[in-house]
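What follows is a set of notes on a single structure, which appears directly below.
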2 protein chains.
Amino acid sequence: MRDFLEITKALSDVNRVRILMALNKRELCVCQITELLELAPSTVSKHMSILDHARLVESRKDGRWVYYRLVSEEVKPLVAGVIEWMIENLGDDKILLQDDHRLKDILDKGCLENRNSMKKMI
Amino acid sequence: MRDFLEITKALSDVNRVRILMALNKRELCVCQITELLELAPSTVSKHMSILDHARLVESRKDGRWVYYRLVSEEVKPLVAGVIEWMIENLGDDKILLQDDHRLKDILDKGCLENRNSMKKMI
DNA sequence: CCTATGTTTCGCCACTTAACGAAATATAAG
DNA sequence: CTTATATTTCGTTAAGTGGCGAAACATAGG
């Protein structure tokens with residue numbers, strides 16, 4: 001029950017749902033999510049902590065950046081089931097389509113990591 | 001998104017989850033749910049209103065009593081999917097097993113409707 | 001009509017939560 | 001070492017939420 005409620009509470013905030021859907025099929029660092037949602041970094045960090053504690057996302061640290069991704073498929077059915085449900089029923093949401101569009105710009109513009117690599121090359 | 005969040009918010013309270021699981025396979029009136037959860041009738045009524053607004057339950061009025069049940073199967077997949085997920089992953093929860101046991105007593109003791117019927121028969 | 005019972009609505013209170021900024025921490029680069 | 005950037009932690013504040021009791025509403029029965 002505790003795990004169940006942690007998941008449903010994690011899913012009961014619009015910004016956390018937007019984050020999870022943005023993480024579908026790609027990983028993102030905190031600053032990219034911050035730019036997408038236009039929230040304070042501390043706020044996004046708190047959201048990521050809640051999602052992480054609910055076992056809905058995993059993270060890896062790469063230099064200064066922390067990249068988050070959806071949990072892997074072969075996770076326990078409690079988590080896998082609800083992520084599948086979310087993705088299947090939320091695909092055509094207006095806000096999420098806007099996010100997907102904005103994410104393209106954020107990714108095309110190049111992440112800071114890429115810009116730093118460019119600087120190295122110059 | 002609005003429907004989605006109404007559902008996840010409805011599912012993010014332990015007493016509402018207990019209500020939904022109690023309604024699995026049987027309908028219950030508000031006073032029976034009140035007895036099960038040991039909450040004030042006004043509190044239970046509020047919970048039922050939230051579950052109803054999220055389209056997770058349906059109700060019928062019979063005399064003084066309002067009976068609630070889980071929504072029918074052939075409801076839209078957004079709702080059907082999450083109810084299935086909840087039932088499949090919450091079956092062996094400790095609190096819910098206790099509730100199931102207590103519900104037997106509540107139902108065996110006879111609902112007020114039955115007692116009224118008995119009075120008619122005497 | 002009057003009473004009893006089930007349910008809902010309303011107002012209030014305690015607690016939680018999402019937001020922010022400031023400060024602390026971590027790491028890469030000069 | 002110092003600076004700059006990314007992230008997290010902490011404290012505060014405004015808004016939301018779950019709980020209750022009182023009162024209103026609905027209905028069955030005397």
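Note that this is a predicted model, so its numbers are computed, not measured. Each chain gets a letter, A, B and so on, in the order the sequences are listed, and its residues count up from 1.
For residues 73-91 of chain A, the pairs satisfying salt bridge (charged side-chain N to carboxylate O under 4.0 Å, His left out) are A/Asp3-A/Lys76, with sequence neighbours left out. Evaluation of the salt bridge (charged side-chain N to carboxylate O under 4.0 Å, His left out) test over residues 36-58 of chain B, restricted to residues two or more places apart or in two chains, returns B/Glu58-B/Arg69.
One interatomic measurement links the two molecules: NZ of A/Lys46 to C1' of D/dT13, which rounds to 14 Å at whole-angstrom precision. Regarding A/Lys9, its NZ atom lies at a distance of 9 Å from the P atom of D/dG18, rounded to whole Å. One can place CD of B/Glu38 at 15 Å from C1' of D/dG19, the figure rounded to the nearest angstrom. Distance CG (B/Asp62) to P (D/dA26): 17 Å, rounded to an integer number of Å. With rounding to whole Å, B/Arg60 atom CZ is found 17 Å from D/dA26 atom C1'. At whole-Å resolution of the value, CD in A/Glu6 and P in C/dT16 are 15 Å apart. In this entry the distance linking CD1 of A/Ile50 with P of D/dT7 reads 17 Å, nearest Å. Taking atom CE of residue A/Met48 and atom C1' of nucleotide D/dT9, one finds them 17 Å apart after rounding to whole Å.
Checking D/dT7, D/dG18, D/dT5 against every side-chain atom of A/Arg64, the shortest atom distance belongs to D/dT5. Set against D/dG19, C/dA4, C/dT7, the side chain of B/Leu39 has D/dG19 as its closest nucleotide. Which of D/dT8, C/dT8, D/dT7 sits closest to the side chain of A/Tyr68 comes down to D/dT8.
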Show the atom names and distances, to 0.1 Å, of all donor-acceptor pairs under 3.5 Å that link a side chain in residues 9-19 of chain B to residues at least two apart or in another chain.
| unit_1 | atom_1 | unit_2 | atom_2 | d |
| --- | --- | --- | --- | --- |
| B/Ser12 | OG | B/Lys9 | O | 2.8 |
| B/Asp13 | OD2 | B/Asn15 | N | 2.9 |
| B/Asp13 | OD2 | B/Arg16 | N | 3.1 |
| B/Asn15 | OD1 | B/Arg18 | NH1 | 3.3 |
| B/Arg16 | NE | B/Ala10 | O | 2.8 |
| B/Arg16 | NH1 | B/His47 | ND1 | 3.2 |
| B/Arg16 | NH2 | B/Lys9 | O | 3.1 |
| B/Arg18 | NE | B/Asp99 | OD2 | 2.7 |
| B/Arg18 | NH2 | B/Asp99 | OD1 | 2.9 |

Using side chain to side chain contact (heavy atoms under 4.5 Å, CB included), reason through B/Leu20 and B/Asn24 one step at a time and then give a plain yes or no. CA-CA 7 Å; B/Leu20 289 173; B/Asn24 188 25; over 6 Å; no
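Nearest approach of B/Pro77 to A/Trp85, heavy atoms of both residues: O-NE1, 4.1 Å.
Each of B/Ser45 and A/Pro41 was matched to the nucleotide of DNA chain C holding its nearest heavy atom; the match closer to the 5' end belongs to B/Ser45.
Under the salt bridge (Lys or Arg N to Asp or Glu O under 4.0 Å) criterion, A/Glu6 pairs with no residue at all, not counting sequence neighbours. In terms of the side chain to side chain contact (heavy atoms under 4.5 Å, CB included) criterion, B/Ser49 has no residue partners (sequence neighbours excluded). Legend: residues meeting salt bridge (Lys or Arg N to Asp or Glu O under 4.0 Å) with B/Arg102, ordered by chain and number and at least two apart, are absent. Annotation: side chain to side chain contact (heavy atoms under 4.5 Å, CB included) contacts of A/Thr34 (sequence neighbours excluded): A/Val30, A/Pro41, A/Val44.
Distances shorter than 4.0 Å separate some side-chain N or O of A/His47 from OP1 or OP2 on C/dA19.
Within 4.0 Å (heavy atoms only), A/Lys61 reaches sugar-phosphate atoms of the nucleic acid but no base atom.
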Distances under 3.5 Å between protein N/O atoms and the N/O atoms of nucleotides 21-25 of chain D, please, pair by pair.
| unit_1 | atom_1 | unit_2 | atom_2 | d |
| --- | --- | --- | --- | --- |
| D/dG21 | N7 | B/Ser42 | OG | 3.3 |
| D/dG21 | O6 | B/Ser42 | OG | 2.9 |

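Applying a 4.0 Å cut-off to non-hydrogen atoms, the residues of residues 13-23 of chain A that approach DNA chain C are A/Asp13, A/Asn15, A/Arg16, listed by residue number.
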